Amino acid sequence: MSHGEPINKERKHCNVDFTLRTEYIEGWEAIRAAHRLVVEVPFTPSLPQRGYNNRTLYVNFSTNEIKEKPVTQQMKDIFIGGRGFGLWRLWHAVTPKTRWNDPENEIVISPGPVAGITQYPGSGKSLVVSISPQTDIPIDSNVGGYFGPLLKFSGFDALELQGKAEQDVILFIDGVKGIIRIEEAPLEPINSHVLAEVLTRMYAESEEDRINVSVVSTGAGADHSLIGMLNFTWWDKRRGCIRLKQAGRGGIGTVFRNKKIRALVCRGPVIKADMNHVVDFETIAKTGIKLHKEIHNNDPHQCVMRRNGTAHIVEIMDAYDLLPTHNFQYGSHPDTHKIASTVWQARCTQMTVDGCWYGCSMACAKGADGLVLKTGPYKGHMVTVDGPEYENAAGLGSNSGIFDPDYLLELNFYCDTYGMCTITWGTLCAFIMECYQRGILNLERTGGLDLTWGNAEADLEMMHQVARGEGFGLIAGQGVKKMKEMFITKGWGDPQLIRDIGMENKGLEYSQYLSKESLAQQGGYAFTNKGPQHDEAWLIFMDMVNKQIPTFEDKAEALYYFPLFRTWFGLNGFCKLPWNDVVPSNNSQQPEAHKIPEHVQNYVDLFSATTGIQITKDELLMQSARVYNFQRIFNIRMGKGLREHDRAPYRSVGPVTREEYESRAERYDKQMRDDIGIDPAGKTTDEKIAIHRKYRTDRFEKLMDVVYKRRGWTSQGVPTYARIKELGIDFPEVLEVVKPFLG
Amino acid sequence: MINVNGESMDWQDGMSVRDILKARKFLFPLLIIAINGSIVDAKAYDITIVPDEAEVKIIHLLSGG
Ligand code: SF4
């Protein structure tokens, strides 16, 4: 394989011979020869005008129906695109009775109107929605890679997948020739790093064309678990291999495989400057140049995202006692330096600006080249691993007590290629290890897996078991919620303890931040629409360190603003990182500096310049509020979305065990004295834990009251008629859902 | 004695902004620091001396992947 000059330079630098990377291309002609055409439909490729193609693509794998659906003005006005379009299409596809594995459940992929511009960093994201196998409500997942923009530049604002195929199929969208095909694919490799590599070469018309092909796939883990995720590729020209970005949360990969979809392949046109045919290209270019300069000048002394990616916060979270350790019991560990950003700097080959879409000069994507695998079906293979991002280092690492970078990369690699969410795996493995520590699990119950803290080999074996569909791995792959229910039913431990330490809410596992010392973050996790992912609100510093939001009303305001602001990224195809992982030099002089006002204005300008619809910062929030509240009502329609579903496992609120309390006794005693007004002297640890629990739980409930009020919801968490009307989402079918609760 | 984000902290003669960051293990790079209401330029953390009884605000911007 020819790699060219940059790789050779890096090869010397990192002492890794990339030419030894295992390739999986042999025999792909035979694999293609075995394909059987199921249906082929022509279409007229188009480019968006003002960010919209005004049509979406619908594919039904049960009936092999392929059709275009119009995008109405109402859809654009109310739902904008991305997650909004996905939720609107999904709403009409399902009924309150639909579960994840019913044929009518859909997977909808939509990039949003601004997505695909190449002038502003972080503008190539897609949103994927489906009814989740873990939560039974809509899940949304934000993902990079080229698929979404290529789909859009083929002519579609969204792709809606419904029904179930009888045999494994590939959906191929050729946005150059105007052909959509469903092909049976009986011999395809199963796991993403092989499958996507093979399919990229198979569907590209030349070596140069590989950059115009993107593949969506998952792996064997998705076949045997509820936590499957989707990998979206882009072709890395310099490395000569595919790279993967994940739509991780909530088990969408499991739905994908349940529909017997082996892969989606989109071949789009060559990317040029103004594919969105925006209204005001000059503003887009100017705004982009401003941010490129800012990143160039400020990133080296701010977050160093270009060199370290999100992993730059591993040691920072440890320093603030926020790095989840041993299933969120603790916030730091003496071995954190072994998985700190400097370690990843040495492992990741930064050959060039490494972004998951064109024009992203923040370039936080990282490739760890030259990893030789020690376990599993690819033992001995040399692979490139994408990451690790912070969530992977924390989730697969410290949270399970694993501080060996090689094993961590291997866990990251197998999660990716097997198609399992790294965040979910990290949290469920941490739960299992704590259950093992406390005797809820033992060697007999795990089928011989010694799941003590830090045992990376047992962790990997459990992962391989999921992929093989056997052993304790099958139980692990059900996720924390189902494991909790099973362990309690079998009488394996104290039910209260199991409920307290199983870090899930609504059925979704927590992402990797310790929220115990930040009441606002406890709400930021538990009051989310889809479950506890940090992409709605990350308020720990504002609350715990800055003491910026001391009152319940202050916290509620933050829990009003940030979830709405961040929802907006997912309506339009933006990545959140360029918003706040670099800031203008004069940001500190601005009012409300924590919102990064100049960047918010950039987004207002980009939307207006793309679509020609002039918005303000307030209208930006309203756009989000419509979709956010619609999603809340969608949850209610599916039998959830109420106050009882917003409660949190106590581990996320306060110290559950004696060890936890005693490890930070000084802090907790001081809080008892100063905040609760009780003298801890003479009290046993158990008594002190109980006092904290009552105090913290009461505050959590009070926060819920105040946040619901600020959001325009009843005390049960239902959006009021007034709020629904104000937002303009008072469609009859929406009102019908809330009527039983509002009268 | 000075006050940092609402909490008391011992003051020492000649104490710089950087000394406070080190003592409090404030490693996060995106900070807005104000002493008695005046913003301190990020380039001046080493040379800005904090007076006794100062009201110090060290605002961390948002983080989280
Ligand atoms: S900042 Fe990172 S994740 Fe976001 S678009 Fe750029 S490369 Fe992709």
Side-chain angles (χ1 to χ4, degrees), chain A residues 298-304 309-313 315-322 332 364 389-392 394 423 511-513 521 524 533-542 544-548 550 558 562 565-566 576-577 579-583 585-590 593-596, chain B:
Chain A
N298 296 354
D299 182 58
H301 58 88
Q302 291 183 356
C303 293
V304 202
T310 56
H312 82 97
I313 57 173
E315 57 269 33
I316 291 172
M317 290 302 126
D318 185 86
Y320 291 81
D321 209 22
L322 294 169
S332 60
C364 79
E389 297 191 28
Y390 164 74
E391 295 287 333
N392 307 348
I423 295 177
S511 70
Q512 308 301 332
Y513 298 95
Q521 188 58 36
Q533 171 77 349
H534 54 279
D535 66 348
E536 278 201 12
W538 198 95
L539 304 173
I540 306 183
F541 282 163
M542 274 182 93
M544 177 186 108
V545 185
N546 304 342
K547 313 270 189 317
Q548 253 176 308
F562 287 103
F565 177 65
R566 292 189 59 167
K576 159 265 167 194
L577 299 175
W579 160 56
N580 74 332
D581 280 286
V582 67
V583 300
S585 303
N586 68 351
N587 186 60
S588 59
Q589 318 289 338
Q590 307 302 314
H594 58 284
K595 292 181 180 172
I596 332 286
Chain B
M1 197 68 91
I2 56 173
N3 185 297
V4 179
N5 290 353
E7 283 174 14
S8 304
M9 183 175 169
D10 284 338
W11 177 80
Q12 282 159 11
D13 199 11
M15 189 183 217
S16 69
V17 169
R18 181 75 63 201
D19 292 332
I20 300 178
L21 296 179
K22 276 194 195 138
R24 297 294 300 266
K25 286 196 2 192
F26 283 172
L27 295 189
F28 188 59
L30 298 180
L31 301 173
I32 299 170
I33 302 184
I35 297 177
N36 295 328
S38 301
I39 303 274
V40 181
D41 191 289
K43 292 189 196 98
Y45 290 167
D46 290 311
I47 55 166
T48 303
I49 303 301
V50 182
D52 194 9
E53 306 205 342
E55 184 72 34
V56 182
K57 286 249 178 291
I58 302 182
I59 299 300
H60 294 56
L61 295 181
L62 278 75
S63 181

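Below, each value reflects all heavy atoms present in this structure, side chains not excepted, and no hydrogens, waters or symmetry copies. Since the model is a prediction, treat every value here as computed from it, not as a measurement.
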Does [atom1] in [X] sit with more than 12 non-hydrogen atoms of other residues, nucleotides or ligands closer than 6.0 Å?
X: Glu55(B); atom1: CD; value: yes
X: Asp10(B); atom1: CG; value: no
X: Asn586(A); atom1: CG; value: yes

Counting only non-hydrogen atoms closer than 4.5 Å, does [X] touch chain B with its backbone (N, CA, C, O), its side chain (CB onward), both, or neither?
X: Gln589(A); result: side chain
X: Ile540(A); result: neither
X: Glu389(A); result: neither

Just how far is it from atom [atom1] of [X] to atom [atom2] of [Y], taken to the nearest 0.5 Å?
X: Phe28(B); Y: Glu315(A); atom1: CZ; atom2: CD; answer: 12.0 Å
X: Ser588(A); Y: Leu31(B); atom1: OG; atom2: CG; answer: 10.5 Å
X: Lys547(A); Y: Lys57(B); atom1: NZ; atom2: NZ; answer: 10.5 Å

Greatest number of heavy atom pairs closer than 4.5 Å to chain B - which of Val582(A), Asn580(A), Asn587(A), Leu322(A):
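Ranked by contacts with chain B, first place is Asn580(A).
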
For Leu30(B) and Val583(A), work out which heavy atoms get closest and say how close.
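Residues Leu30(B) and Val583(A), closest heavy atoms: CD2-CG2, 4.1 Å.
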
If every non-hydrogen atom of Leu61(B) is compared with every non-hydrogen atom of Ala593(A), which pair is closest and at what distance?
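Scanning both residues completely, I find the closest heavy atoms to be CD2-O, 3.8 Å.
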
Would you call the rings of Phe541(A) and His60(B) parallel, tilted or perpendicular if under 30° counts as parallel and over 60° as perpendicular?
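Ring orientation, 0 to 90° scale: tilted.
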
Using side chain to side chain contact (heavy atoms under 4.5 Å, CB included) as the criterion, point out the one residue from Ile316(A), Val304(A), Asn298(A) that pairs with Pro29(B).
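When side chain to side chain contact (heavy atoms under 4.5 Å, CB included) is applied between Pro29(B) and each of Ile316(A), Val304(A), Asn298(A), only Ile316(A) qualifies.
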
Measure distances from Leu62(B) to the heavy atoms of chain A and classify the residue's part below 4.5 Å as side chain, backbone, both or neither.
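Leu62(B) touches chain A through backbone and side-chain heavy atoms alike.
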
Is it the side chain or the backbone of Ile59(B) that comes within 4.5 Å of chain A heavy atoms, both, or neither?
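For Ile59(B), heavy atoms of backbone and side chain both lie under 4.5 Å from chain A.
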
